[in-house]
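One structure below.
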Number of protein chains: 4
Amino acid sequence: MKPKSSLMDPLTKLSELFKEFPGIGPRQARRFAYFLLTRNNGFVSELTQSIENLRKNIKICTSCFRYFPLGVKTEQNLCSICVSPNRDTQLLMIVSHDNDVDHMERTGLFNGLYFVLGGSVPILEKEPENKIRLKELLSVINNKCSTSDVEHLKEVILALDLNPEGEHTEIFLKKQISPLAETHTFTLSTLGRGLSTGTEIEYSDTETLKNALKNRE
Amino acid sequence: MKPKSSLMDPLTKLSELFKEFPGIGPRQARRFAYFLLTRNNGFVSELTQSIENLRKNIKICTSCFRYFPLGVKTEQNLCSICVSPNRDTQLLMIVSHDNDVDHMERTGLFNGLYFVLGGSVPILEKEPENKIRLKELLSVINNKCSTSDVEHLKEVILALDLNPEGEHTEIFLKKQISPLAETHTFTLSTLGRGLSTGTEIEYSDTETLKNALKNRE
Amino acid sequence: MKPKSSLMDPLTKLSELFKEFPGIGPRQARRFAYFLLTRNNGFVSELTQSIENLRKNIKICTSCFRYFPLGVKTEQNLCSICVSPNRDTQLLMIVSHDNDVDHMERTGLFNGLYFVLGGSVPILEKEPENKIRLKELLSVINNKCSTSDVEHLKEVILALDLNPEGEHTEIFLKKQISPLAETHTFTLSTLGRGLSTGTEIEYSDTETLKNALKNRE
Amino acid sequence: MKPKSSLMDPLTKLSELFKEFPGIGPRQARRFAYFLLTRNNGFVSELTQSIENLRKNIKICTSCFRYFPLGVKTEQNLCSICVSPNRDTQLLMIVSHDNDVDHMERTGLFNGLYFVLGGSVPILEKEPENKIRLKELLSVINNKCSTSDVEHLKEVILALDLNPEGEHTEIFLKKQISPLAETHTFTLSTLGRGLSTGTEIEYSDTETLKNALKNRE
């Protein structure tokens, strides 16, 4: 049973907080606390200041819902990708997390706009709207469909992880978005499946081979 | 330096032979030898008999070049897949090894015929014909193209491992087969690439994502 | 090249600071920053407050040099282990890090006192005194040897990791402490070596087996 | 359900036999069969001949019960270790498998004689004598105790794997051998336990640390 917070010594208390960080267990949490004790005051001040600044200076983009730094010229809380004149506004890629946007941007493969769901929908989830930004997504899609023909949404790409929860989220979103795709005549697509780097035929599962055959070129 | 074979004791000699088996190192080789000593005469006789029978009763199919058991009714050294009236003779899938055919057959995804290259072409290989059955492959393709329209070869699918040597083999075979594909008007295709089971967007390499985007559906 | 700190956006800047944490790479550092953005103000305030409190309320024990929380009754900056009347003051165990003390205390196997070196001595290190608290260690040992016979130091146990740097540190400390051991007649010992849980004879290295044979019982 | 052996094709039948080899699963078994098809007649003949020779020319030593090659001068079915005048006949090391003897001999650390149990005793085993050569062991020990003082057995060392089954075997053998040790005044010892190569204090389990402390030197 977790001891009452105010009665813990500062070392244990800080370890308990670090334990909440993604992927961090008790040993590493304690190691973080010891680590901070060995660093000089300069580093520690920078860290706490940086954490406080984070919330003041990082906002959520009102179009793609990813976190971005407020700049001098930020208008209407839109991030640099969403305001860029060089992006293809007719393409929208839906991803689960900010990290996916970061990664995709690093590859330089996609020049459209994004939407960050903020999570995925677990398999027996009764309230999907609590897990992903469904309302905001439908709203953004509708907005992009009420513009002039030149800028009209042409394609929405579902780019989710290919694991059970990601596939479930994909099925859920297809149901939600297909009606809109019909009404507003845009394409709803998913990332292609098949052999990935390093795959050997002999060790590929049936699902992967089925898609690889289906998607042959 | 490996000791002269005839001077080794039987335990060491058998271990040396087992060391040549794929994936077997010195410790496991020796463990195999000890294992045979603990089994009764029945098992050991069955094993040696079975090994001798192998070469007498397993032949290479003259059409797809995979190993298959000679049966009572075997004609012209053709395997059960190649003589089956239920296979689609207009499709030909090229693979590296017999194990790939076994695996593909287990998935039940492919109903055409096969060709087993018997290996792959290493990257700086000067004599590719020594590594794969190139001559036999071209001969088989030509035969399948000189039949009547009904049975004429429609598509050749390259189904090789997606590793450096497999990709190099694919490039090599494309150069060899493309001219024939043009002349005899059949399609030359490769298995589709993209996200495979378990892939997460954030951890996919650029090549995989590029293909996943290209092959979206 | 690392961008100048003041020109980085807060998200990147915080990620750079998290990258300095032990065992944390760029992806996980960024994930930590996103994580803090998703938590509410309460958690984040608790975290920064806890980090600031750490340095004010955690001190280094002047006897064993481990970090401990200042309490109401703390005298002379001595930790709870060092002031406890239930500990065997004639035994001193030397370890590398606070985490080793935490772990040893959890096992309940040792009832003596500790000394935390704060590190280990790398193999070609020219200034070992910069890596471990050598001066303080010798001073503590001398103090423990100038008490009455009843409390006089009886044994110093070197409990370092059994990897190359740990073994090098052990050799170094033996040279430093042996003269004192002779003069003040206390035993200098190291943790016994041999088979550890899960070890199989066939897979044990020569050094382990040598010690296991030597230390048989 | 496994198909009746005589109805299997030779490839499948040989794969089934290879599946019985230690550590070999269905895929690797089939790969072994294909491997033999690709090797020339010379290799295959050598293999079957070597397997047949094994049983004719490898015997079990009547003293230590390990497998050894029959030589021209072999007397009384005793192996080279057991007849060597350079071994210390007053020391007897009990191990589970031949591989342990091979490994120990490679380290060069032990100059006494061995006894190979041929297995270990599982935890709820009702008939231990069926799993290890208990009768033979007790007989060998008694023989070694009825010689003259000069050659009389001085020490029996239990050198078993430090996993649950090995430890259970050790406990069982201690009960069996202790009475003899008292009667014939020889020492019964086990390999020492403690830190093994690469062990870090922070990650050692309590049992290992307990022994390391107990066996400190």
Side-chain angles (χ1 to χ4, degrees), chain A residues 91 93-112 114 116-117 120 155-167 170 187-217, chain B residues 91 93-112 114 116-117 120 155-167 170 187-217:
Chain A
L91 287 180
M93 180 182 284
I94 300 176
V95 296
S96 276
H97 300 287
D98 288 65
N99 264 12
D100 298 330
V101 174
D102 293 341
H103 185 62
M104 195 58 85
E105 283 297 287
R106 265 194 307 266
T107 68
L109 293 167
F110 181 71
N111 195 39
Y114 296 95
V116 180
L117 294 171
S120 50
E155 179 175 6
V156 171
I157 307 172
L158 293 172
L160 306 175
D161 296 336
L162 198 53
N163 48 36
E165 198 158 300
E167 294 198 81
E170 196 178 282
T187 308
L188 177 59
S189 64
T190 55
L191 290 182
R193 299 180 187 188
L195 305 185
S196 57
T197 308
T199 304
E200 287 181 21
I201 301 292
E202 194 191 348
Y203 292 99
S204 299
D205 61 293
T206 305
E207 196 58 33
T208 296
L209 286 176
K210 178 165 132 189
N211 285 301
L213 270 167
K214 185 155 69 81
N215 295 334
R216 60 190 192 268
E217 47 201 24
Chain B
L91 287 179
M93 180 183 284
I94 301 176
V95 295
S96 275
H97 300 287
D98 286 65
N99 265 12
D100 297 329
V101 174
D102 294 342
H103 185 61
M104 194 59 82
E105 284 296 288
R106 267 195 303 267
T107 67
L109 291 168
F110 181 69
N111 195 40
Y114 295 94
V116 179
L117 295 171
S120 50
E155 179 175 5
V156 170
I157 306 171
L158 294 173
L160 307 176
D161 296 337
L162 198 53
N163 49 38
E165 198 159 298
E167 294 198 81
E170 196 179 281
T187 307
L188 176 60
S189 63
T190 56
L191 290 183
R193 300 179 187 190
L195 304 185
S196 57
T197 308
T199 304
E200 288 180 20
I201 302 291
E202 192 191 348
Y203 292 98
S204 300
D205 61 291
T206 305
E207 196 58 32
T208 296
L209 286 175
K210 180 165 131 188
N211 286 301
L213 269 167
K214 187 156 65 84
N215 295 336
R216 61 189 192 269
E217 48 201 20

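Values below: every heavy atom of this structure, side chains too, minus hydrogens, waters and symmetry copies. Per chain, numbering begins at 1; letters A, B, ... match sequence-line order.
- When side chains are defined from C-beta on, B:Asn163 counts as touching A:Glu200, because their heavy atoms get closer than 4.5 Å.
- Interface remark: B:Ile157 contributes side-chain atoms only to the contact with chain A (heavy atom separation under 4.5 Å).
- Heavy-atom minimum distance, A:Ile201 versus B:Asp161: N-OD1, 2.8 Å.
- Looking only at heavy-atom pairs under 4.5 Å with chain B, the residue among A:Asn215, A:Leu109, A:Asp102 that has the most is A:Leu109.
- Between A:Glu217 and B:Arg193 there is no salt bridge, since none of the side-chain N atoms of the basic residue sits less than 4.0 Å from a carboxylate O of the acidic one.
- Contact count versus chain B (heavy atoms, under 4.5 Å) is highest, among A:Glu207, A:Lys210, A:Lys214, for A:Lys210.
- Heavy atoms only, all atoms of each residue included: A:Ser196 and B:Ser196 are closest at OG-OG, 2.6 Å.
- You'll find the side chain of B:His103 stays beyond 4.5 Å of the side chain of A:Thr206, heavy atoms only.
- The nearest pair of heavy atoms linking B:Leu195 to A:Leu162 is O-CD2, 3.7 Å.
- Proximity to chain A (any heavy atom under 4.5 Å) is restricted, for B:Glu155, to the side chain, taken from C-beta onward.
- Per-residue heavy-atom pair counts under 4.5 Å with chain A were compared for B:Asn211, B:Leu209, B:Leu191, and the maximum is reached by B:Leu191.
- Rounded to the nearest 0.5 Å, atoms CG (A:Asp100) and OH (B:Tyr203) are 10.0 Å apart.
- Comparing B:Thr190, B:Thr107, B:Val101, B:Asp205 by heavy-atom pairs within less than 4.5 Å of chain A, the highest count is held by B:Thr190.
- At a cut-off of 3.5 Å, with distance as the only test, a side-chain donor of B:Thr208 or A:Thr197 sits close to an acceptor on the other residue.
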Let me see the working for B:Leu213 and A:Met93 under side chain to side chain contact (heavy atoms under 4.5 Å, CB included), right down to the final yes or no. CA-CA 11 Å; B:Leu213 269 167; A:Met93 180 182 284; 3.8 Å; yes
